[in-house]
Amino acid sequence: MHGPVWVGWLLVLLGAAAGAYCLVRARSGPAAQRGEARGEGLMALGMAAMAWPVAPPSWSPWLFTAVFGAAGLWALAHRHLHHAVGALAMAYMALAMVAPASQQAGHTGQMGQMAQMGQAGGTGPVAHSVPGGVPLLTGLLLVYFTGYVLAAGVRLVPAAGAGAGKGTAGGAAGVAGAGVLPACRVAMGIGMLAMLLAL
């Protein structure tokens, strides 16, 4: 992953916070949302692990590819299209981490390549490495996640307006609680965009 180290740490914080919230929501939220919250939480924690800006073991991209590939196939089998696209995009990014590592000497395989850029605080000039992945596929994923973030973000606005119109505190809290899971999805979509752009 190209870019300053602080971007990697922000992605780790974003993924960990969204993942922790979704997993808590999976235990205490409405029964209809528990499965979705569990899936979102695991994806967010996986995103945090992939963005970790420390030199990883050489086998970690293969582990991420296997885990996210299996998650993507499971989501396809259960007709969760967005989860399938997200998981398969993570598997794709994990595979893309392997190619630059094999093409360039001195690079680590995972997105933790950012650690090399942090030697001067992550702000100094750095020689650019060969971008990972297939540009057309990366572009298609960027278009998908941009559209998803915009559409999901627009859907959050009426939910906030409906919450303001409720007369009871319990009704407003219910609407706010129902809006937090979609807000986590928007945050994770933004994280996916950042990871794809830094690929």
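What you are looking at is a predicted structure, and each value in this text was computed from that prediction instead of being measured.
For residues 181-191, the salt bridge (charged side-chain N to carboxylate O under 4.0 Å, His left out) pairs, not counting sequence neighbours, are Glu36-Arg185, Glu40-Arg185.
Linking ILVMFWY side-chain heavy atoms closer than 4.5 Å, directly or via other members, places Ile190 and Met50 in a single hydrophobic cluster. Linking Ile, Leu, Val, Met, Phe, Trp and Tyr whenever their side-chain heavy atoms come within less than 4.5 Å puts Tyr144 and Met47 in one cluster. Residues Leu42 and Leu81 do not share a hydrophobic cluster, clusters being chains of Ile/Leu/Val/Met/Phe/Trp/Tyr side chains in contact below 4.5 Å.
Annotation: ring-ring contact (aromatic ring centres under 6.0 Å, His included) contacts of Tyr148 (sequence neighbours excluded): His82. In this structure, Thr65 has no side chain to side chain donor-acceptor pair (under 3.5 Å) partners at least two apart in sequence or on a different chain. Not counting sequence neighbours, the partners of Ala71 by the side-chain contact (heavy atoms from CB on, under 4.5 Å) test are Ala87. In terms of the ring-ring contact (aromatic ring centres under 6.0 Å, His included) criterion, residue partners of Trp74 (sequence neighbours excluded) are, by chain and number, His78.
Closest approach of Ala44 and Gly15 over heavy atoms only: CB-O, 3.3 Å. Pro61 approaches Ser58 most closely through the heavy-atom pair CD-O, 3.4 Å. For Val186 against Ala152, the heavy-atom pair with the smallest separation is CG2-CB, 3.6 Å. Looking at every heavy atom in both residues, Leu156 comes nearest to Pro182 through CD2-CB, 3.6 Å. Here the closest non-hydrogen pair linking Ala16 and Ala48 is N-CB, 3.7 Å. For the pair Cys22 and Cys184, the tightest heavy-atom approach, listed with the atom from each and the gap, is SG-CB, 3.9 Å.
Looking at Val85 and Phe145, their side chains come closer than 4.5 Å, going by heavy atoms from C-beta outward.
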* To do: Check step by step if side-chain contact (heavy atoms from CB on, under 4.5 Å) holds for Phe64 and Met93.
  => CA-CA 9 Å; Phe64 287 130; Met93 287 188 282; over 6 Å; no
* To do: Before giving the answer on side-chain contact (heavy atoms from CB on, under 4.5 Å), spell out for Phe68 and Leu95 the whole-Å C-alpha distance, their side-chain angles and the decisive distance to 0.1 Å.
  => CA-CA 11 Å; Phe68 286 115; Leu95 280 176; over 6 Å; no
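Think of Val67 as one node in a network of Ile, Leu, Val, Met, Phe, Trp and Tyr side chains linked at under 4.5 Å; its network also takes in Trp59, Leu63.
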Please report, to 0.1 Å, the donor-acceptor pairs under 3.5 Å made by any side chain of residues 135-143, with sequence neighbours excluded.
unit_1	atom_1	unit_2	atom_2	d
Thr138	OG1	Tyr92	OH	2.5
Thr138	OG1	Val134	O	3.1

Show every donor-acceptor pair shorter than 3.5 Å between a side-chain atom in residues 192-199 and any protein atom, with sequence neighbours excluded, or say none if there are none.
none

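Atom CG of Leu11 and atom CH2 of Trp6 lie 9.5 Å apart (nearest 0.5 Å).
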